[in-house]
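As the structure is a computational prediction, the values presented were derived from the model and not from experiment.
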Amino acid sequence: MNETLQLMHSHRSVRSYQDRPIAPDMLDAVLDAAWKGPTSINGQQVSLVVVQDAERRSRIAEIAGGQPWIAQAPVFVALVVDFHKTRVGVEMAGEQQVIHNSVEAFAVGAVDAGIALGNLITAAHAAGLGAVPIGGIRRDPQAMIELLELPALTFPIAGVALGHIQDNSAQKPRLPRDSFVHRERYQADSLPGHIAAYDDTLRQHWQTIGRADGEPWSDSIARFYRQVYFPKVAPAARAQGFGFEL
């Protein structure tokens, strides 16, 4: 197995960072890994907002529900679905943009932001840095919009904290591979057994690392998915000019 695959197979989210900056050339190389990534139809409907100011990072930590590693890490990168940029291009071509009024726009923007996020995380690990993706900024997207001064037709979909690792994390086990890789057709019948096995594996993992608050996977996702846990997303997206009519 080559070095890149080994790096990706050893992924872990880091939530403990040293109090030292990332060298500018290293940070630029990590950011460029996202910049050079693929996007649907070469639409490039993603932008990054890089936050290094300590006060602003502390504010983002609050917006995300109290995640201290955001303030601790020297860099936070917000991934922004950006149909403001595309509208400028469309209007320069003498046309009127309508895609932002569709579910497709939000879907493709989120997919392309996810590709950029994955590239950022892989590049950070390759540079010897730690990273942790942050979905919690969607807890209060309007506050992020105001903090980052985002124009209409943009939306802060996710973020990532980056920094030099202080204390590394244990690698969390995943659901059985057969619940993830389906051959030829979706194998629904086997899922209950895979999930039961994973619940047991995760219980053992939490015990091994001393996490008394750890819970089985099924209990964890039930706690989140029995509700819309970030209910401000849709109204904030609509206020930014996104519609879901098409």
Side-chain angles (χ1 to χ4, degrees), residues 1-34 48-79 114 116-139 144 147 156-175 198-217 219-221 223-224 229-230:
M1 187 185 300
N2 67 36
E3 185 177 350
T4 301
L5 287 174
Q6 288 178 340
L7 185 74
M8 296 178 78
H9 289 191
S10 64
H11 168 78
R12 61 204 66 202
S13 292
V14 175
R15 294 179 174 85
S16 176
Y17 297 95
Q18 298 176 31
D19 183 21
R20 65 185 179 107
I22 299 173
D25 57 343
M26 180 182 290
L27 178 58
D28 282 343
V30 171
L31 297 174
D32 286 357
L48 308 181
V49 179
V50 182
V51 180
Q52 295 176 272
D53 178 76
E55 185 174 339
R56 293 167 74 81
R57 285 187 285 107
S58 293
R59 175 62 182 136
I60 294 170
E62 294 173 2
I63 291 169
Q67 299 190 43
W69 38 87
I70 297 175
Q72 186 185 40
V75 176
F76 182 84
V77 181
L79 292 104
L117 177 59
N119 283 5
L120 286 172
I121 292 171
T122 300
H125 290 329
L129 301 171
V132 57
I134 304 293
I137 61 172
R138 297 192 306 277
R139 182 182 298 273
M144 287 295 298
L147 180 68
I157 199 75
V160 61
L162 304 171
H164 294 280
I165 300 169
Q166 178 68 42
D167 298 314
N168 213 342
S169 306
Q171 188 173 30
K172 190 182 298 179
R174 297 293 193 258
L175 279 158
Y198 182 57
D199 280 348
D200 289 339
T201 298
L202 206 51
R203 286 188 190 97
Q204 294 171 14
H205 170 74
W206 297 134
Q207 291 175 2
T208 299
I209 67 172
R211 275 278 302 272
D213 61 336
E215 57 187 347
W217 180 78
D219 288 350
S220 175
I221 62 166
R223 182 163 47 83
F224 284 99
Y229 58 93
F230 291 154

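- One finds the CG atom of L202 at 9.0 Å from the CZ atom of R211 (value rounded to the nearest 0.5 Å).
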Only pairs under 3.5 Å count here: list side-chain donor-acceptor contacts from residues 68-79, not counting sequence neighbours, and write none if there are none.
unit_1: W69; atom_1: NE1; unit_2: Q67; atom_2: OE1; d: 3.0
unit_1: Q72; atom_1: OE1; unit_2: Y17; atom_2: N; d: 3.1
unit_1: Q72; atom_1: NE2; unit_2: Y17; atom_2: O; d: 3.3

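- Summarising the geometry, atom CZ belonging to R56 is positioned 4.5 Å from atom CG belonging to L147; distances are rounded to the nearest 0.5 Å.
- In D19, the CG atom is not crowded: 12 or fewer heavy atoms of neighbouring residues, nucleotides or ligands sit closer than 6.0 Å.
- Residues satisfying the ring-ring contact (aromatic ring centres under 6.0 Å, His included) test with H205, not counting sequence neighbours, are none.
- In this structure, R59 CZ and R57 CZ are separated by 15.0 Å, a value rounded to the nearest 0.5 Å.
- Open room surrounds CD on E3; 12 or fewer heavy atoms of other groups in view lie less than 6.0 Å from it.
- At a threshold of 4.5 Å between non-hydrogen side-chain atoms, the residues K172 and R174 count as touching.
- Of the possible donor and acceptor atoms, none in the side chain of Y229 sits under 3.5 Å from a partner among the backbone N and O of R223.
- Heavy atoms only, all atoms of each residue included: A34 and L48 are closest at CB-CD1, 4.2 Å.
- Remark: side-chain polar atoms of S16 are not paired, donor with acceptor, to backbone N or O of Q166 under 3.5 angstrom.
- The closest donor-acceptor contact from the side chain of R139 to the backbone of F230 lies at 3.5 Å or more, if one exists at all.
- Between Q18 atom CD and D167 atom CG the span is 9.5 Å, to the nearest 0.5 Å.
- Residues I157 and R138 come closest through the heavy atom pair O-NH1, 2.7 Å.
- By the side-chain contact (heavy atoms from CB on, under 4.5 Å) test, Q204 pairs with no residue at all, sequence neighbours left out.
- S13 is not listed as a side-chain neighbour of S169, based on a closest heavy-atom distance of 4.5 Å or more.
- Interatomic distance, CG of L129 versus CG of L120, reported as 11.5 Å (0.5 Å rounding).
- Taking CD of Q171 as the start and CZ of R12 as the end, the distance is 5.0 Å to the nearest 0.5 Å.
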